[in-house]
2 protein chains.
Amino acid sequence: MTTGVKARSRRGGGRPTIADVALKAGVGAITVSRALREPDRVSLELRRQIMAVVEELGYVPDRNARALASARADVIGVLVPSLTNNVFAEVVRGIYDGLDQSHLQVQIGNTHYACNAEEDLLRIFLSQRPSALIVSGIDQSPVARSLLERANCPVVQIMEIGPEPVDMMIGFSHHEGGKAATRHLIEAGYRRIAFIGARMDPRSQRRLAGYRAAMEEAGLFDERLVTTTIRPSSVSMGSELFREAIARAPALDAAFCNNDDMALGALFECHRQGRAVPSDIGIAGFNDLEMMEVACPSVTSLRTHRYEIGRRSIAMALAAIAGHRPAEAIVDLGFELIVRESTKR
Amino acid sequence: MTTGVKARSRRGGGRPTIADVALKAGVGAITVSRALREPDRVSLELRRQIMAVVEELGYVPDRNARALASARADVIGVLVPSLTNNVFAEVVRGIYDGLDQSHLQVQIGNTHYACNAEEDLLRIFLSQRPSALIVSGIDQSPVARSLLERANCPVVQIMEIGPEPVDMMIGFSHHEGGKAATRHLIEAGYRRIAFIGARMDPRSQRRLAGYRAAMEEAGLFDERLVTTTIRPSSVSMGSELFREAIARAPALDAAFCNNDDMALGALFECHRQGRAVPSDIGIAGFNDLEMMEVACPSVTSLRTHRYEIGRRSIAMALAAIAGHRPAEAIVDLGFELIVRESTKR
DNA sequence: ACATTCGTTGGTAGCGCTACCGTTCCCTTG
DNA sequence: CAAGGGAACGGTAGCGCTACCAACGAATGT
């Protein structure tokens with residue numbers, strides 16, 4: 001019997017528990033718990049005494065036990081459609097940086113742009129009772145949306161803004177972004193402006209819609225100028241689609257690409273075909289990756305504040321967890337058109 | 001009293017528990033638990049009955065309670081030095097893909113190339129009693145190494161290989177990679193071959209050592225050919241360091257860059273300065289990012305199998321969790337030199 | 001016929017922590 | 001001086017699940 005109990009208590013690999021600390025410090029377990037979580041509620045003297053024992057024993061609270069007892073895991077679930085896409089990598093970096101000294105942990109889920117994966121991951125996240133959820137985009141499936149609404153924790157939708165947030169939202173209008181970039185190309189004197197887009201997720205669709213709006217406004221829209229694919233975007237895909245675009249509309253004089261990888265691919269393809277940028281062909285990208293500035297020629301792009309989106313989404317989540325709902329549930333971070341050589345005719 | 005109990009049991013937001021399922025299915029709670037975790041040990045009939053109730057109630061096991069009771073969280077901790085670095089993004093993608101249908105979750109920690117951050121994150125991970133740990137590199141601090149050794153779970157070190165694994169290892173030799181790329185440049189007829197490297201983490205240091213070995217072997221080594229910085233690597237940093245390298249060694253005829261971003265930056269800088277690649281300057285990168293193939297000219301690079309490293313590291317971890325230690329604790333995935341236009345004199 | 005094993009199921013007792021309520025003690029206040 | 005209030009701390013009772021052992025009937029062996 002005794003051995004049984006011993007074996008049992010060794011389950012945790014002999015790590016010290018809160019009871020060990022309490023015993024050694026000569027206080028109750030709950031006081032140790034408070035000293036760690038709400039230091040203000042424990043007298044300075046006792047607190048020091050307890051912290052000394054914590055240090056001495058190398059006590060680390062068991063997150064699982066804590067989560068079970070408080071019905072709340074110190075975890076923020078984050079759902080992104082891709083991890084290799086530079087844009088989301090930056091968002092995620094912002095999220096990690098924004099967390100900084102917080103005791104919370106983030107858990108990333110990769111949906112691969114699939115809404116059923118999103119639902120599954122949401123369910124897994126919810127089974128931990130996360131402190132908050134951050135999800136990408138505003139096009140959740142009805143099931144996913146209902147899961148989010150019943151999540152019983154702060155929810156931040158990121159990257160886009162729309163009329164009906166589940167809870168909070170931070171991002172920018174991809175439609176306006178697409179429109180702004182296209183208008184710039186028109187003002188720069190280009191007329192046969194192609195749209196080149198891969199992956200074509202909802203955000204790219206809205207960029208395309210913005211492009212179309214600007215083109216129609218100027219009476220320049222032509223179906224044949226649009227070349228898209230649902231295949232993943234990449235630099236080589238940019239080259240490939242540019243070739244396709246040229247085949248469909250040989251007289252095109254500019255390309256608005258749905259992201260910078262595609263733009264770079266188009267730029268390389270122009271080099272290869274001996275088409276001069278910006279004189280023969282103007283090129284504009286989307287997101288303004290770091291490399292666009294040093295490309296040769298440098299490439300015009302629409303700068304998006306994706307690191308900032310990550311950082312601020314976490315800040316919003318942390319504030320909401322602490323009970324401070326933001327004044328504005330929807331934050332529009334906008335964008336900035338960075339004009340460079342590739343569109344200077 | 002009754003209300004107290006009710007309020008208590010509502011902590012979990014009214015979600016069904018295993019007891020609810022057991023009651024409704026007319027079985028013991030432990031049988032439900034088994035039906036979910038070890039279906040083979042429950043008779044088919046009962047299993048079906050239980051699963052029906054699970055579906056009906058929408059029961060999802062509480063991960064925290066499970067972790068507490070079993071002294072093991074269904075979490076694999078992964079430590080990487082960067083999330084925006086394309087290389088690690090691919091590793092992480094491989095890890096997520098390798099997980100696939102497993103019930104385990106991964107938790108990523110970003111060390112920002114700082115070893116104290118690594119120690120802190122390890123401690124946080126360990127406080128959850130992870131099922132396995134995956135860490136980048138082989139240069140852990142003594143403290144981190146000791147934490148890993150006492151982690152009481154499978155540990156996989158990735159990206160590099162070395163003589164003394166904590167447990168298991170999968171990667172390749174950066175020294176040999178650096179040597180192979182440099183030898184290729186020498187064989188291609190280049191003589192004044194610069195090494196250009198940013199960030200200069202331990203892996204880049206080993207690439208540099210490989211470069212140096214190959215250069216000394218050929219009697220071509222010269223301190224002035226080496227230009228490095230500890231600042232983060234990027235395409236623009238590639239341009240900047242290439243300018244610096246030219247200033248230090250005006251007669252250089254090739255550049256081996258410590259990664260492809262740097263190589264791309266060097267390539268753009270050559271364009272800008274009117275230096276022809278590969279005739280005036282040869283350029284070789286490291287990792288073989290997708291874009292190297294479509295660059296103009298296409299860029300020679302040393303392909304590393306980073307996605308594969310991610311996938312197989314997870315496979316090794318899962319196998320070890322299941323009790324199947326691999327025959328070989330150290331897996332060398334090697335590399336592949338992809339020769340392209342940028343080094344064809 | 002009996003003992004032995006095995007497959008299947010259930011009861012009990014925690015895992016390590018925190019919510020909830022009590023208690024104590026000191027300081028106001030009338 | 002009693003009554004009231006608040007700060008500091010502790011005891012009790014779980015959170016929802018699983019490890020461990022026990023129990024039971026059926027199948028097997030001798």
Could you tell me how far apart [X] ([atom1]) and [N] ([atom2]) are, to the nearest whole angstrom?
| X | N | atom1 | atom2 | answer |
| --- | --- | --- | --- | --- |
| A:Glu45 | C:dC25 | CD | P | 16 Å |
| A:Arg63 | C:dC15 | CZ | C1' | 17 Å |
| A:Leu36 | D:dC9 | CG | P | 15 Å |
| A:Tyr59 | C:dC17 | OH | P | 3 Å |
| B:Ile18 | C:dG10 | CD1 | P | 12 Å |
| A:Leu44 | D:dC9 | CG | P | 10 Å |
| A:Arg15 | C:dG16 | CZ | C1' | 10 Å |
| A:Asp40 | D:dG6 | CG | C1' | 16 Å |

**Report entry** Pairs involving residues 51-61 of chain B, ordered by first then second residue, that meet salt bridge (charged side-chain N to carboxylate O under 4.0 Å, His left out) (sequence neighbours left out)
**Finding:** B:Lys24-B:Glu56
Report task. Using the side-chain hydrogen bond (donor to acceptor under 3.5 Å, both in side chains) rule, collect all pairs that involve residues 307-321 of chain B, keeping only residues at least two apart or in two chains. Result -> B:Asp97-B:Tyr307, B:Tyr307-B:Arg311
Requested in this report: Decide yes or no for A:Ile321 and A:Ile76: does some side-chain heavy atom of the first lie under 4.5 Å from some side-chain heavy atom of the second?
Outcome: yes
Query - Close side-chain approach of B:Ile108 and A:Tyr96, heavy atoms under 4.5 Å - result: yes
Query - Candidates C:dG16, C:dT18, D:dC17 - which lies nearest the side chain of A:Asp62 - result: C:dG16
Report task. Note down the inter-axis angle between the two ends of the helix from C:dA1-D:dT30 to C:dG30-D:dC1, five pairs each, to the nearest 10°. Result -> 30°
Quick check on [N]: is either OP1 or OP2 less than 4.0 Å from any side-chain nitrogen or oxygen of [X]?
| X | N | answer |
| --- | --- | --- |
| B:Arg66 | D:dG16 | no |
| B:Ser43 | C:dG7 | no |
| A:Arg37 | C:dA19 | yes |
| A:Arg41 | D:dA8 | no |

**Report entry** Contacting residues from residues 26-35 of chain A, given that a heavy atom lies under 4.0 angstrom of DNA chain C
**Finding:** A:Ile30, A:Ser33
Query raised in the report: Of all residues at least two apart in sequence or in a different chain, which pass the side-chain hydrogen bond (donor to acceptor under 3.5 Å, both in side chains) check with B:Ser141?
Result: B:Glu119
Report task. Just jot down the side-chain hydrogen bond (donor to acceptor under 3.5 Å, both in side chains) partners of A:Asp62, sequence neighbours excluded, or say none. Result -> B:Arg129
Report summary line: Which of A:Arg145, A:Gln157, A:Met169 passes side-chain contact (heavy atoms from CB on, under 4.5 Å) with A:Glu164? Answer is A:Arg145
Query raised in the report: Testing A:Leu122, A:Val166, A:Leu79, A:Asp167 for side-chain contact (heavy atoms from CB on, under 4.5 Å) with A:Leu133, which one passes?
Result: A:Leu122
Requested in this report: Could you tell me whether the side chains of B:Ser43 and B:Arg47 share a donor-acceptor contact shorter than 3.5 Å?
Outcome: no
